[in-house]
2 protein chains.
Amino acid sequence: MSGTRLEQKERTRRAILDAALALSAESTLVALSLRQVAKEVGIVPTAFYRHFPSLEDLGLALVEESLDTLRALLRELRRSAGDDFRSIIDGSVGVLVAQVRGNHAHFGFIARERFAGPAPVRAAINRGIEIAERELAVDLAHLPGTSEWSEEDLRTLSSLIVGAMVTTAERLITAGPGSPEEKQITDSARTQLRMLVVGAINWRSRP
Amino acid sequence: MSGTRLEQKERTRRAILDAALALSAESTLVALSLRQVAKEVGIVPTAFYRHFPSLEDLGLALVEESLDTLRALLRELRRSAGDDFRSIIDGSVGVLVAQVRGNHAHFGFIARERFAGPAPVRAAINRGIEIAERELAVDLAHLPGTSEWSEEDLRTLSSLIVGAMVTTAERLITAGPGSPEEKQITDSARTQLRMLVVGAINWRSRP
DNA sequence: GATTTGAGTGCACGTCTGTACACCCAAAAC
DNA sequence: GTTTTGGGTGTACAGACGTGCACTCAAATC
């Protein structure tokens with residue numbers, strides 16, 4: 001069982017990434033050992049070096065992959081946006097739940113390593129989240145009613161929304177797929193976004 | 001240098017806790033070794049067992065301590081609450097910044113271990129945060145304008161506020177004490193809370 | 001068909017880990 | 001003054017760790 005040499009190599013590389021993702025889910029990236037990963041994959045420890053110069057590079061590859069998944073979520077959110085606030089909110093929560101469900105290894109990785117990971121990993125994740133906030137702020141500026149908002153207020157609202165999304169994602173991960181709490185979490189997320197929208201609509205129209 | 005035997009024991013115990021807190025700040029609790037801690041404290045590895053049965057028990061002691069600090073923050077927030085919304089918000093953000101500043105080892109610990117820590121540690125932290133949300137919901141129910149809110153809506157608003165607070169605390173920790181971002185973070189936190197309050201005030205008064 | 005390449009092997013090493021055990025000696029108890 | 005207690009020491013061991021090095025042998029290249 002195999003194809004060309006490059007295909008085989010790519011397959012082992014994937015196996016390493018998957019094994020690292022699975023093993024780090026039971027604790028953290030920093031608690032990962034090269035030998036553990038190698039054993040899980042089914043190769044000898046030193047073979048690891050054929051794919052990554054060090055464990056740290058493995059970690060960075062995992063961040064990159066996880067951030068790709070995060071960016072895919074953002075793209076999907078933007079793509080599925082409806083017209084009125086209610087459909088935007090319901091749609092967004094649905095998309096969020098679906099994406100977290102389908103990629104909970106990646107989202108779990110981000111949640112765990114955001115504060116506990118090695119410094120470069122933490123930095124990359126926070127950069128990713130900040131970019132998400134900035135992009136959302138731009139989107140928000142195109143919505144009705146935000147025309148005379150300050151740059152700063154847009155960022156603040158965006159940060160609130162992203163924060164609520166992140167918290168919801170973390171809750172979904174903690175609760176586990178198909179758990180009884182899931183419905184309650186999505187309901188709560190919907191209400192949270194509605195409250196935020198109500199706050200936004202009335203912002204600056206009252207003192 | 002020493003007093004009674006119990007005093008001396010307590011002093012070493014504290015030294016172990018402080019060393020573990022300091023060392024785990026550079027990575028995670030799970031990446032901590034008994035020998036590292038012992039070396040940092042200045043005792044021989046096996047002496048560790050005179051104070052804790054295992055590293056896991058050390059971890060649990062640290063969680064307990066950190067959650068105490070969190071509870072102190074909540075108490076202080078409630079104690080300092082003013083009359084009108086503006087003073088409540090400004091006061092709360094001030095208290096939050098001061099407490100995080102004065103105990104960033106504990107708050108940093110909570111942020112890191114909330115998702116990356118060992119299962120019992122994660123559970124304890126999430127329980128602590130949930131209790132904070134519930135208590136805040138009770139406080140909110142006593143505020144003017146929330147008389148006919150449902151239990152569920154109160155919890156949702158409470159969860160939004162706590163979420164914003166947690167995010168702010170995490171930002172303060174990441175930014176570091178006395179950093180230039182600090183002012184921006186506190187300003188942003190104030191605006192966030194104001195937006196949340198505006199949302200709350202207008203909740204259910206519009207459809 | 002002969003040669004080169006490179007993913008995976010196997011062994012060896014020095015270092016770090018948790019922890020068992022016998023020990024010391026000053027404070028506490030008698 | 002004698003005995004007991006208990007925090008801290010020192011040695012020792014087995015296991016896991018990262019990594020260097022010489023190796024195999026099938027796929028790729030010529």
Side-chain angles (χ1 to χ4, degrees), chain A residues 1-63 113 116-121, chain B residues 1-63 113 116-121:
Chain A
M1 66 103 156
S2 81
T4 107
R5 202 129 95 170
L6 272 104
E7 284 171 351
Q8 179 54 36
K9 173 158 193 184
E10 179 52 30
R11 222 171 301 149
T12 326
R13 196 189 132 94
R14 258 262 59 86
I16 292 178
L17 288 168
D18 290 341
L21 217 43
L23 286 174
S24 75
E26 289 163 11
S27 53
T28 333
L29 199 53
V30 294
L32 213 62
S33 92
L34 188 154
R35 285 179 117 101
Q36 266 177 44
V37 176
K39 178 179 274 187
E40 180 86 2
V41 174
I43 57 176
V44 94
T46 45
F48 176 88
Y49 295 110
R50 302 291 181 194
H51 301 274
F52 299 96
S54 73
L55 262 187
E56 192 179 313
D57 295 81
L58 209 205
L60 289 177
L62 284 177
V63 186
E113 308 303 332
V121 170
Chain B
M1 69 98 160
S2 80
T4 108
R5 202 128 98 171
L6 271 105
E7 284 171 352
Q8 180 53 37
K9 173 159 191 184
E10 180 51 32
R11 222 171 301 150
T12 340
R13 196 188 132 95
R14 257 264 58 86
I16 292 177
L17 289 167
D18 290 342
L21 217 44
L23 286 174
S24 76
E26 289 163 10
S27 53
T28 333
L29 198 55
V30 296
L32 212 63
S33 92
L34 186 151
R35 283 179 115 101
Q36 268 177 40
V37 176
K39 177 178 278 185
E40 180 86 2
V41 174
I43 56 175
V44 95
T46 46
F48 176 89
Y49 294 110
R50 303 289 182 196
H51 302 274
F52 299 96
S54 73
L55 264 186
E56 192 179 313
D57 295 81
L58 209 205
L60 290 177
L62 285 177
V63 186
E113 308 303 333
V121 171

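Sequence lines set the chain letters: A, B, ... in the order given, protein chains first and strands last, and positions in each chain run from 1.
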- Roughly, in whole Å, what's the span from OH in B:Tyr49 to P in C:dA20? 7 Å

- Task: Write down the distance between CD1 (B:Ile43) and C1' (D:dG10), rounded to a whole number of angstrom.
- Result: 14 Å

- Which nucleotide in the list D:dA12, D:dG18, C:dT9 gets nearest to the side chain of B:Arg35? D:dA12

- Task: With heavy atoms under 4.0 Å as the rule, sort A:Glu10 into base, sugar-phosphate or nothing.
- Result: nothing

- Query: Would you say the side chain of B:Phe48 lies within less than 4.5 Å of the side chain of B:Val41, judging by non-hydrogen atoms?
  - Reply: no

- The residue, A:His51 or B:Leu6, whose nearest nucleotide of DNA chain C is more 5′ is A:His51

- Rounded to whole Å, the CG-P distance (B:Leu23 to C:dC16) equals 15 Å

- Over how many whole Å does the gap from A:Gln36 atom CD to D:dG18 atom C1' extend? 13 Å

- Message: Rounded to whole Å, how long is the line connecting atom CZ of A:Phe52 with atom C1' of C:dG6?
- Response: 17 Å

- Between B:Leu32 (CG) and C:dG18 (C1'), how many Å, whole number? 13 Å

- Item | Protein-nucleotide distance (B:Glu7, atom CD; C:dA27, atom P), rounded to Å | 12 Å

- Message: Just N and O in the side chain of B:Gln8: are any of them under 4.0 Å from OP1 or OP2 of C:dA26?
- Response: no

- Task: For the side chain of B:Thr46, starting at C-beta, report the closest nucleotide among D:dG8, D:dT19, C:dA20.
- Result: C:dA20

- Does A:Ser33 place a side-chain N or O at less than 4.0 Å from the phosphate oxygens OP1/OP2 of D:dC17? yes

- Task: Please confirm whether any donor atom in the side chain of B:Arg50 sits under 3.5 Å from an acceptor in the base of D:dG6, or the reverse.
- Result: no

- Side chain of B:Thr12 - closest among C:dT5, D:dG8, D:dG10: D:dG8

- Item | pair A:Glu7-A:Glu10: side-chain heavy atoms closer than 4.5 Å | no

- Message: Regarding B:Gln8 and B:Arg11, do their side chains bring together a donor and an acceptor under 3.5 Å, going by distance alone?
- Response: yes

- Query: Would a 4.5 Å heavy-atom cut-off, applied to side chains only, mark B:Leu34 and B:Phe52 as touching?
  - Reply: no

- Task: Please determine, for the side chain of A:Arg5, which listed nucleotide (C:dG6, C:dT9, D:dG8) has the closest atom?
- Result: C:dG6

- Query: Is there a side-chain contact between A:Ile16 and A:Ile43, using heavy atoms and a 4.5 Å cut-off?
  - Reply: yes

- Taking NZ from B:Lys9 and P from D:dG8, how many angstroms apart are they, rounded to a whole number? 8 Å

- Per atom distances to the A:Ala47 side chain, the nearest of C:dT9, D:dG18, C:dT19 is C:dT9

